[in-house]
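In what follows, a single structure is set out as structure tokens and then discussed.
Numbered from 1 within each chain, the chains take letters A, B, ... in sequence-line order. Here the structure is a predicted model, which means the values were calculated and not measured.
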Amino acid sequence: MGNKKLNTLLKNPPNWIDGKGRFAETILSSRVRFARNLKQFNFPNRTKEDELDEIMNFIISHINYKCITSLSEFSPLDKKFLVERRIISREFSKKTKGRGVGIWEGENIGLMLNENDHIRIHSICSGLNLELAYEKLNKLDDEFSESLPYAFSSKLGYLTACPTNTGTGLRASVLVHLPGLVHSEQIKKILEMLHKDGFLIKGFYSDGTMVEGNLFQISNQVTLGITEEEIIDKLHKMILQVIGYENNARELLLSNTRAQLEDKIWRAYSILKNARLLSNEEFINLSSAVRFGIELGILKKVSLQNLNKLLIFTQPAHLQESIGGMIDSTERNVKRALYVRKNL
Amino acid sequence: MYLYSIILIMLCDICHKNDATISYTVVVGEKKTKLHLCEECAAKKGFIKAFSLMNIQEFIPLDPNEPEVKNLICPKCGLTYKELREQAEFGCSKCYKTFERKIIPLFQKIHGSTQHIGKLVCISAERDKKEMKIFKFKKRLDKAIKSESYEEAAIIRDEIKKWETKN
Ligand SMILES: [Zn+2]
Ligand SMILES: [Zn+2]
């Protein structure tokens, strides 16, 4: 079972989480994406399935990038795997016909055809590196625009299906670990500040009310009336500010409650090292404590790279793809605990 | 001390002022959305539509007394004005022209602007460049005047004139 094209993905973690780059302990990745459409076709939401194929063929035949796979080649489990890998969106994974997926450069570059827009291209880098991610994305977009007739107006810029993307079509986001701010209960203040300054923030593992693992995704909200460079620059500066607050919170915690903090971190490590059953949620939360331990220099024996790899490969569809089939949650919890014991 | 996870005390999705005390799961088609509302706003609204749609509908005014609105329909994809309000998504690039007059306030609300100043497409880039340059200069001019940098303002004014007379 499982599409052969996923074999290499199953062997190696993606480049964008290799633990390198600026602030890599605290900032897992920097991601940028463009939403683009073609002038002559209706947007995917107003196109019949067989016409979606026509759009896909048009795009594939006009660009120099091969290896675009039809989404229908992937099983439901494969698609969940691709969602966990951040290559496709959850909404997109529910679709079947007339959609395409492209993965290049060790997963640094990805493409979805006929998602909400005809073309969604993204670029991800490890650590805080929005500039590099944007540079790569922009280059690819330039190439595409030479051969594809983009839907564009001089007043409103790139025309997208959803008005929240109109203009630059650019969404930049950073995945950041903020245990200090959560710990010291300052996070609400930070969320409000970000909101007021026009940024979106949401829990990376979240059902809307609970945020697991202290991982947050911060992104720009405005896409019109601002240049791409300004979007990148503003977000970059905001992230530096957030990191500043996070570091202050950490220092305070260390000086006031060092013993409790160390205890929590070592306990989390011991559970991961010894547990026989680990749910996904429990792993995410304990791994946050371990990450905190690495960041504070308390846990020296765990490498960041290893921890990041675990974060990817312990996800439900990853565990199931690695053994080649669907298993129930109890069995997954056994497999997850085993995998973590072996690899931590 | 919350070491691993937190409960966010959220602000109301509608008024963004009061703490949200009630949450709803709203189902639209296959989409499930959670809504967090304060009691006041919850009382005012029915919960048939997802938050983002609800918001956008408020931004796109529907005046039934305006006869042209009823008949507004995109010649390319067939999207009607009513459908645009319901789904809050355009159906094709032509929709932008079709509903132009009606959607400009929407962009002002969402983005605080109605003029693209970012990247251009290769084709027709020259003409677009002119409009955009002028727009950018005007933005800088405003800033210069506000900060009372009159010398800079004079230079920018000359630049604008230069671009305006360019063909
Ligand atoms: Zn309210
Ligand atoms: Zn249309």
Side-chain angles (χ1 to χ4, degrees), chain A residues 37-39 41-43 45-46 91 94 116 138 141-142 145-146 149-164 166-168 170 179 182-183 185 187-188 191-192 195 203 207-214 222-228 257 260 264 268 284-286 288-289, chain B residues 1-11 16 23 25 30-31 33-36 52 56 59-60 74 76-79 87-97 100 103-104 106-108 110-124 127-132 135-136 139:
Chain A
N37 287 286
L38 303 182
K39 218 182 278 179
F41 299 109
N42 289 354
F43 297 154
N45 70 37
R46 240 170 140 80
E91 287 301 310
K94 291 172 194 148
N116 204 317
N138 198 25
D141 183 54
D142 282 343
S145 76
E146 270 171 34
Y150 278 163
F152 181 86
S153 96
S154 54
K155 182 160 178 60
L156 292 171
Y158 293 88
L159 307 179
T160 55
C162 186
T164 54
T166 307
T168 57
L170 175 66
V182 172
H183 244 356
E185 298 174 35
I187 191 76
K188 200 193 162 197
L191 297 187
E192 279 167 10
H195 196 79
D207 65 356
T209 42
M210 289 283 288
V211 173
E212 311 286 350
N214 303 322
V222 169
T223 58
L224 180 65
I226 183 169
T227 66
E228 291 79 3
T257 53
Q260 289 97 312
K264 293 245 184 195
I284 288 166
N285 287 326
L286 293 173
S288 167
Chain B
M1 209 195 266
Y2 311 114
L3 187 54
Y4 310 131
S5 51
I6 55 158
I7 298 166
L8 297 174
I9 303 160
M10 304 225 294
L11 291 179
H16 299 292
S23 64
T25 302
E30 284 176 13
K31 252 193 207 160
T33 313
K34 255 199 185 152
L35 262 183
H36 306 274
S52 59
I56 283 170
F59 293 158
I60 310 178
C74 177
K76 181 164 163 53
C77 73
L79 191 79
Q87 68 181 53
E89 273 188 3
F90 299 106
C92 74
S93 52
K94 199 98 214 161
C95 286
Y96 278 84
K97 256 254 111 35
E100 191 178 15
I103 57 174
I104 290 302
L106 172 70
F107 287 113
Q108 188 63 43
I110 300 177
H111 300 289
S113 170
T114 58
Q115 175 64 53
H116 176 63
I117 58 166
K119 211 179 156 178
L120 302 170
V121 222
C122 299
I123 319 153
S124 75
R127 186 180 53 81
D128 294 343
K129 205 160 129 194
K130 181 181 159 183
E131 287 176 28
M132 204 167 301
F135 184 81
K136 276 190 188 172
K139 239 178 130 184

Contacts of type salt bridge (charged side-chain N to carboxylate O under 4.0 Å, His left out), residue B/K139, not counting sequence neighbours: none
Shortest non-hydrogen contact from B/S93 toward A/A151: CB-CB, 3.6 Å
When A/L38, A/L170, A/N138 are compared by non-hydrogen pairs under 4.5 Å with chain B, the top option: A/N138
Atom of A/T160, atom of B/F90 and distance for their closest heavy-atom approach: O-CD1, 3.6 Å
Interface residue of largest heavy-atom contact number with chain B, from A/N116, A/N37, A/T166, under 4.5 Å: A/T166
Beyond-backbone contact of A/P163 with B/I103, side-chain heavy atoms, under 4.5 angstrom: no
Which atoms of A/I226 approach chain B - backbone, side chain, both or neither, heavy atom under 4.5 Å: backbone
side-chain contact (heavy atoms from CB on, under 4.5 Å) partners of A/I284, counting only residues at least two apart: A/Y205, A/E212, A/N280
Derivation of the side-chain contact (heavy atoms from CB on, under 4.5 Å) call for B/K119 and A/T168: CA-CA 7 Å; B/K119 211 179 156 178; A/T168 57; over 6 Å; no
pair B/H116-A/L156: side-chain heavy atoms closer than 4.5 Å: no
Close side-chain approach of A/K155 to B/I104, heavy-atom, < 4.5 Å: yes
Option that, when pairs with chain B are counted at under 4.5 Å, heavy atom only, ranks first among A/T223, A/D141, A/T227, A/L159: A/L159
Most contacts with chain A, counted as non-hydrogen pairs under 4.5 angstrom, among B/C95, B/G91, B/C77: B/G91
NZ/B/K76: more than 12 non-hydrogen atoms of other groups inside 6.0 Å: yes
Closest heavy-atom pair and its distance - B/V121, A/S145: CG1-CB, 4.3 Å
Backbone N/O of A/L224 and side chain of B/Q115: donor-acceptor pair under 3.5 Å: no
Winner by heavy-atom pair count (cut-off under 4.5 Å) against chain A, out of B/G78, B/C74, B/C92, B/G112: B/C92
